[in-house]
Engineer: 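Sending over a structure as structure tokens; questions will come in a sec.
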Amino acid sequence: MRYAHPQDNLTDFSPGEKYLVTYSSHEPSNPRDENRVVINIFDVRTGKIMRDFKGSADDIATRGAGVVTGVSWPIFRWGGGKGDKYFARLGSSIYKKQEKHLHRL
């Protein structure tokens, strides 16, 4: 199976290995612009992108150990056992819980 994410810098699997999370950071051509970050969540079986997060590095940045370009990796924490029911991410000033249901996104 192929997972299309150009210039992928980091990867991680959900605990039940149902989802693959990829990360890339892109430096702008104009020095005044911000670094752009792309995070994709793929269904491992189909290779389909189930959810994506795009924004500036500041929007997605977190604080903590394992920091790469301002992002603590792995960026998501999964819950719900092997079913990978929920995921959440900790931002610089927020905590976002996502009820996964990725198949409906």
Side-chain angles (χ1 to χ4, degrees):
M1 181 62 56
R2 287 189 163 202
Y3 307 95
H5 189 144
Q7 300 175 351
D8 174 30
N9 300 109
L10 300 168
T11 58
D12 187 38
F13 285 92
S14 63
E17 298 183 352
K18 293 182 178 186
Y19 303 101
L20 172 69
V21 182
T22 60
Y23 165 90
S24 64
S25 177
H26 308 277
E27 292 188 24
S29 55
N30 183 342
R32 292 186 206 154
D33 293 339
E34 298 177 327
N35 278 2
R36 302 299 297 170
V37 171
V38 177
I39 298 172
N40 292 324
I41 300 177
F42 293 92
D43 180 303
V44 170
R45 289 180 307 132
T46 65
K48 179 181 174 188
I49 294 176
M50 304 305 289
R51 181 77 192 259
D52 66 349
F53 300 88
K54 297 176 182 176
S56 72
D58 288 339
D59 292 341
I60 298 183
T62 61
R63 309 288 183 250
V67 175
V68 177
T69 317
V71 174
S72 177
W73 196 256
I75 193 167
F76 296 113
R77 303 299 182 255
W78 295 82
K82 294 289 183 185
D84 299 331
K85 284 182 140 183
Y86 309 100
F87 67 96
R89 82 175 167 92
L90 181 64
S92 57
S93 61
I94 56 164
Y95 176 79
K96 289 187 178 179
K97 177 186 170 211
Q98 305 278 329
E99 290 228 15
K100 179 187 53 78
H101 303 296
L102 292 172
H103 60 278
R104 291 192 292 184
L105 296 176

Engineer: Indicate the ring-plane relationship of W78 and Y19, choosing parallel, tilted or perpendicular according to the 30° and 60° boundaries.
Structural biologist: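 W78 and Y19: parallel rings.
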
Engineer: With respect to V21, which candidate in F13, W73, F53 satisfies the side chain to side chain contact (heavy atoms under 4.5 Å, CB included) definition?
Structural biologist: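 The option that passes is W73.
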
Engineer: Between OH of Y3 and CZ of F42, what distance do you get to the nearest 0.5 Å?
Structural biologist: 8.5 Å

Engineer: Determine the minimum heavy-atom distance between N9 and S25, stating which atoms define it.
Structural biologist: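 So the two residues come closest at OD1-N, 3.0 Å.
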
Engineer: Hey, could you give me the CG/NZ distance between N40 and K54, rounded to the nearest 0.5 Å?
Structural biologist: 7.0 Å

Engineer: So how far is it from I49 CD1 to T22 OG1, rounded to the nearest 0.5 Å?
Structural biologist: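 Between I49 CD1 and T22 OG1, I get 7.0 Å after rounding to 0.5 Å.
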
Engineer: Nearest 0.5 Å, what's the OH-CG distance between Y23 and D8?
Structural biologist: 10.5 Å

Engineer: Within a strict 4.5 Å, meaning less than it, do heavy atoms of the H5 and V38 side chains meet?
Structural biologist: yes

Engineer: State whether the side chain of D84 and the backbone N or O of G16 hold a donor-acceptor pair below 3.5 Å, judged by distance alone.
Structural biologist: yes

Engineer: Measuring from atom CD1 of I41 to atom NZ of K18, what distance do you get when rounded to the nearest 0.5 angstrom?
Structural biologist: 14.0 Å

